[in-house]
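Numbers restart at 1 for each chain; the letters A, B, ... are given by sequence-line order, proteins then strands. Here the structure is a predicted model, which means the values were calculated and not measured.
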Amino acid sequence: MPELPEVETVRRGLEPALAGRTLVAVEARRKDLRFPFPDKFAERLTGRTITALTRRAKYLLADLDDGNVLIAHLGMSGSFRVEDSVPGGFHHERSKRAAHDHVVLTTDRGVRVTYNDPRRFGFMLLVPRTELGDHPLLRTLGIEPLGNELSGAYLLSVLTKRATSLKAALLDQKIVAGLGNIYVCEALHRAGLSPKRAAKTLTPARAKALAAAIRAVLEEAVQAGGSSLRDHARTDGELGYFQHAFRVYDRTGQPCPKRGCKGMVRRVVQNGRSTFWCPACQK
DNA sequence: ACCAGCTCCTGCTTGC
DNA sequence: TGCAAGCAGGAGCTGG
């Protein structure tokens, strides 16, 4: 599921359920996801109050009142669902234990938050807040694309140092943190840039267009609640709807939606991952 | 220091 | 219908 817009959608869904709430019960139903859970994971979380729920790139960060931060990454297939209790328990229909429910948090307001992840590429870690910036997973992350640092000048300075393709460079979290396969394809189409173009051939004008395209596509996607393909992004089970706004992603053989363009969307594989693009208008 | 390929895992879709 | 192959929104690790 998750690139930046999906993770941000999850964050917004979790915030009212978790921010300011105390965890009265925590259950980890297996010993690991992608990585082992920290020692005494459930015990360390139980009784803690979550003081803030934020996001960095594709990471969810829950600040705890003991100075630690719960880092959660959804991998490819992770999702959270939030269920309110009713007198006597939880709604029967939705409270069923589902396959791949790995972590269950219960708050002092009787809300249950369940992490589900079939492929188990996601993970949860506990790190002291003071060491967050030094953590190997976060230390090397590039800029937040929805912040003030994203500009043509930034992209130009970073991308022209790379020997690889624009597509591969934009997937690198050290450059722009939070982009994934969908939004890189969409941003490159909007900017009229070929995914196969060598990153170092970027010009100031093209870099400026690319920065604008990245910002626009991410903002629109967040607005739409992210994209829902095989999984859904939202904690309430509703679907995001940005997938209906895709211009190239997963649209092989369909006409290029760009005004006046007579091209057709094609799929190629770059670095082992599908790239969707229009050879007619992306140069 | 890059860079590309491999890998983790399950489930859905596609083609025979 | 069955079955195998291919593919999936991520990213750490390895070897070149």
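- The aromatic rings of A:H73 and A:F123 lie parallel to each other, their planes meeting at an angle below 30°, with 60° marking the opposite boundary.
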Tabulate protein N/O versus nucleotide N/O from nucleotides 6-8 of chain C, keeping only pairs under 3.5 Å, one per line.
residue	atom	partner	partner atom	Å
C:dA8	OP1	A:S274	OG	2.2
C:dA8	N3	A:R119	NH1	3.1

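- Near-neighbour residues of DNA chain B inside residues 156-178 of chain A, defined by a heavy atom below 4.0 Å, number-ordered: A:R162, A:A163, A:T164.
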- request: Walk me through it: do A:I214 and A:Y183 pass the test side chain to side chain contact (heavy atoms under 4.5 Å, CB included)?
  value: CA-CA 8 Å; A:I214 290 169; A:Y183 297 104; over 6 Å; no

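- Distance CG (A:L60) to C1' (C:dG10): 14 Å, rounded to an integer number of Å.
- Counting only distance, with no hydrogens or angles, the side chain of A:Q282 and the backbone of A:C278 share a donor-acceptor pair below 3.5 Å.
- With 3.5 Å as the limit, one finds a donor-acceptor pair spanning the side chains of A:T275 and A:K167.
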- line: Output field dot_bracket for DNA chain B (Watson-Crick or G-U, both distances under 3.5 Å, | for other-strand pairs) contains .|||||||.|||||||

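- Comparing the same atom, P, in B:dT7 and in C:dA5 gives a spacing of 16 Å after rounding to whole Å.
- Between A:R81 and A:D236 no salt bridge is recorded (no basic side-chain N to carboxylate O distance below 4.0 Å).
- Between A:F242 and the choices A:I182, A:V217, A:V222, A:T9, the side chain to side chain contact (heavy atoms under 4.5 Å, CB included) rule is met once, by A:V217.
- Counting heavy atoms of neighbouring residues, nucleotides and ligands inside a 6.0 Å radius, atom CZ of A:R30 exceeds 12 of them.
- Taking atom P in both C:dC3 and B:dC9, one finds a spacing of 24 Å when rounded to whole Å.
- For B:dC3 and C:dG9, the C1' atoms lie 23 Å apart once the distance is rounded to whole Å.
- Atom CD1 in A:I71 sits about 19 Å away from atom P in C:dG10, given to the nearest Å.
- Residues A:W277 and A:R267 fail the side-chain proximity criterion, which asks for heavy atoms closer than 4.5 Å.
- Nucleotides of DNA chain B that come within less than 4.0 Å of any heavy atom of chain A span, from the 5' end to the 3' end, B:dC2 to B:dG11.
- A distance cut-off of 5.5 Å between ring centres, combined with a plane angle under 30°, leaves A:F121 outside any stacking arrangement with the base of C:dA11.
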field: Evaluation steps, side chain to side chain contact (heavy atoms under 4.5 Å, CB included), between A:I71 and A:L137
entry: CA-CA 10 Å; A:I71 304 176; A:L137 291 168; 5.6 Å; no

message: Does A:R190 form a side chain to side chain contact (heavy atoms under 4.5 Å, CB included) with A:E220? I'd like the steps, not just the answer.
response: CA-CA 13 Å; A:R190 287 178 183 228; A:E220 289 172 33; 2.9 Å; yes

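- Side-chain atoms of A:D117 and A:S77 form a donor-acceptor pair, as typed in the model, at a separation below 3.5 Å.
- Put simply, A:H73 has no side-chain N or O that comes within less than 4.0 Å of OP1 or OP2 on C:dG10.
- Within 6.0 Å of CD on A:Q223 lie no more than 12 heavy atoms contributed by other residues, nucleotides or ligands.
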Intermediate values then yes/no, side chain to side chain contact (heavy atoms under 4.5 Å, CB included), A:R120 and A:R34: CA-CA 6 Å; A:R120 305 201 302 274; A:R34 174 167 192 170; over 6 Å; no

Extract from the structure each pairing of a protein N or O with an N or O of nucleotides 12-16 of chain C at less than 3.5 Å, listing the distance.
residue	atom	partner	partner atom	Å
C:dG12	O4'	A:R34	NH2	3.0

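- Comment: A:R29 engages A:E27 in a salt bridge, judged by a side-chain N to carboxylate O separation of less than 4.0 angstrom.
- Here A:E8 pairs with A:R11 in a salt bridge; the nearest charged N to carboxylate O distance falls below 4.0 Å.
- The side-chain contact (heavy atoms from CB on, under 4.5 Å) check on A:K262 picks up nothing, with sequence neighbours excluded.
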